[in-house]
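Notes to accompany the following structure.
Start at 1 with the first residue, then count along the sequence.
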Amino acid sequence: MNTTRQRMAMAGLITGVVAGLCAPPALADSAGPSADVGQASVASKPDGSVPPQGSDDWSCRPAAAHREPVVLVHGTWGNQNDWDVLAPQLKVQGYCVFSLDYGRDTTSLMGARPGVFATGDITDSAHQLETFVERVRTATASAKVDIVAHSQGALVAREYLRFDGGAPHVEKFVSIAGTNHGTTMNSLNTLLDNGSSAGSAEGIAARVVGVGAVQQLVGSAFVQQLNAGGDTEPGIDYTVVASRVDKVSTPPEATFLTAGPGAHVDNVWVQDLCPADAFDHGTLPQSPTVGFLVQQALDPAYAGVSCPAQAPVTVTR
């Protein structure tokens, strides 16, 4: 493909990416179980300046039943208000809950929009997560935290665990549709890999969707470096959640992790517990089934309802 045609094709694909790549609820292009899920306008979407209800209570001290505070890490183009559903649910269960905005970079078209975060370089975002986790550990007098991450947030957290000294400070890690091995994103990765101006193509994409979005594509240098030493870190309990209707983190099964020495991994399909669950990539943190999986990952004794439209499903872990 010549340079002109490649750039034209790139422009078309970027338009599709902007419509859906790792979009938070306000930017998601399809609804979950109800028609109004994820259809709020960008203007009405909270801008991340106010934490979710139940989050960031810096006077919170973990109870004996839930010793580790929970840190929530949003995905691309999102902010901490993507946890407006899950954060209060965790708080009611007695957890100390904390959330952050990270990766603000206004050099891209998407990154310049108000309330849009996680467009910057993922390595920089991981440093920001490291600083935040240390603040949480200090405030709560906790040796370790649990991390729940969505989409790009899983890569940010895994970068922190592997390269920023985070592994000794994390007990449990829950990945919700994380782009753990990259995403094909409607073959955008193939276009970037083909032709004589692939580097320019990456630059064009980054100026529209942000560096952090491009770094998540299958075969990117970032993804290859992150996974070169295996998927996991010793001593951490991983739960990886995937949805068969995910059209952004593709193929959906690429999110699953393989346990290395000293780690435990539980890979779970949302639809194995709730076949009718139709929450899309951007709205997965709002799914009741995902909420159930998160709470059971954090506390195996949790006995909530896994699929509200059906009888509870007993899960043996």
- Message: I'd like to know if the side chain of Tyr238 reaches the main chain of Glu233, judged simply by a donor and an acceptor atom lying under 3.5 Å from each other, with no hydrogens or angles considered.
- Response: yes
- Note on the structure: Rounding to 0.5 Å, atoms OG (Ser125) and CG (Asp101) come to a distance of 11.0 Å
- So do Gln216 and Ile122 actually touch side chain to side chain, heavy atoms under 4.5 Å? yes
- Item | Passing option when Ser99 is tested against Leu86, Val70, Asp56, Val148 for side chain to side chain contact (heavy atoms under 4.5 Å, CB included) | Asp56
- Item | Side chain proximity check, Lys91 to Asp57, heavy atoms < 4.5 angstrom | yes
- Query: In terms of the angle between their ring planes, are His281 and His150 parallel, tilted or perpendicular, with boundaries placed at 30° and 60°?
  - Reply: tilted
- Message: Just checking Phe256 against His181, ring centres under 6.0 Å apart?
- Response: no
- Message: Contact between Phe163 and Thr123 at the side-chain level, heavy atoms closer than 4.5 Å - yes or no?
- Response: no
- Task: Look at the side-chain heavy atoms of Ile, Leu, Val, Met, Phe, Trp and Tyr, link any pair under 4.5 Å apart, and say whether Val136 and Tyr160 land in one connected group.
- Result: yes
- Query: Is there a side-chain contact between Thr107 and Val211 (heavy atoms, below 4.5 Å)?
  - Reply: no
- Min side-chain heavy-atom separation Trp77-Arg113 under 4.5 Å: no
- Query: Do Thr179 and Ser249 meet the criterion of a side-chain donor-acceptor pair at a distance under 3.5 Å?
  - Reply: no
- Just by distance, do the side chain of Thr131 and the backbone of His127 share a donor-acceptor pair under 3.5 Å? yes
- Do the side chain of Thr255 and the main chain of Ala177 share a donor and acceptor less than 3.5 angstrom apart? no
- Query: Does any N or O in the side chain of Thr119 come within less than 3.5 Å of the main-chain N or O of Asp105, such that one atom is a donor and the other an acceptor?
  - Reply: yes
- side chain to side chain contact (heavy atoms under 4.5 Å, CB included) partner of Val240, the single match among Asp266, Val268, Asn267, Ile176: Asn267
- Check the pair Met110, Thr76 against side chain to side chain contact (heavy atoms under 4.5 Å, CB included), reporting the backbone distance first and the verdict last. CA-CA 10 Å; Met110 286 303 301; Thr76 311; over 6 Å; no
- Message: Tell me whether Arg137 contacts the main-chain N or O of Phe132 through its side chain, where contact means a donor paired with an acceptor under 3.5 Å.
- Response: no
- Message: Between Asp299 and Lys172, does any NZ, NE, NH1 or NH2 come within less than 4.0 Å of an OD or OE carboxylate oxygen?
- Response: no
- Judged by atom type as modelled, is there a donor-acceptor pair below 3.5 Å linking the side chain of Arg61 to the main-chain atoms of Ala139? yes
- Item | Side-chain heavy-atom pair Asp272, Arg244 within 4.5 angstrom cut-off | yes
- Intermediate values then yes/no, side chain to side chain contact (heavy atoms under 4.5 Å, CB included), Ser175 and Asn180: CA-CA 9 Å; Ser175 166; Asn180 288 314; 3.3 Å; yes
- Message: I'd like to check Trp269 versus Pro252 (side-chain heavy atoms, cut-off strictly below 4.5 Å). Are they in contact?
- Response: yes
- Message: Run the side chain to side chain contact (heavy atoms under 4.5 Å, CB included) test on Val156 and Gln128 for me, step by step, so that the C-alpha distance in whole Å, both residues' side-chain angles and the decisive distance to 0.1 Å come before the verdict.
- Response: CA-CA 9 Å; Val156 172; Gln128 295 170 35; over 6 Å; no
- Taking Asn79 for its side chain and Asn81 for its backbone only, find out whether a donor-acceptor pair lies under 3.5 Å. yes
- Task: List the atom of Val245, the atom of Asp277, and the distance in Å for their closest heavy-atom pair.
- Result: CG2-O, 4.3 Å
- Hey, does the side chain of Arg104 reach the backbone of Val116 with a donor-acceptor pair shorter than 3.5 angstrom? yes
- Item | Donor-acceptor pair, side chain of Thr183 and main chain of Thr250, under 3.5 angstrom | yes
- Test applied, side chain to side chain contact (heavy atoms under 4.5 Å, CB included); reference residue, Trp83; option that passes from His74, Gln286, Gln53: His74
- Query: Do any N or O atoms from the side chain of Glu171 and from the backbone of Asp146 form a donor-acceptor pair under 3.5 angstrom?
  - Reply: no
- Are Val223 and Leu161 co-members of a hydrophobic cluster defined by side-chain heavy atoms under 4.5 Å apart? yes
- hydrophobic_cluster_shared for Val145 and Tyr102, side chain cutoff 4.5 Å: yes
- Message: Quick one, Arg158 and Asn227 - any side-chain contact, counting heavy atoms below 4.5 Å?
- Response: yes
- Does a donor on one side chain and an acceptor on the other come within less than 3.5 Å for Ser55 and Gln80? no
- Apply the test side chain to side chain contact (heavy atoms under 4.5 Å, CB included) to residues Glu134 and His169: give CA-CA distance (whole Å), side-chain angles for both, the deciding distance (0.1 Å), then the verdict. CA-CA 9 Å; Glu134 288 307 299; His169 307 309; 3.8 Å; yes
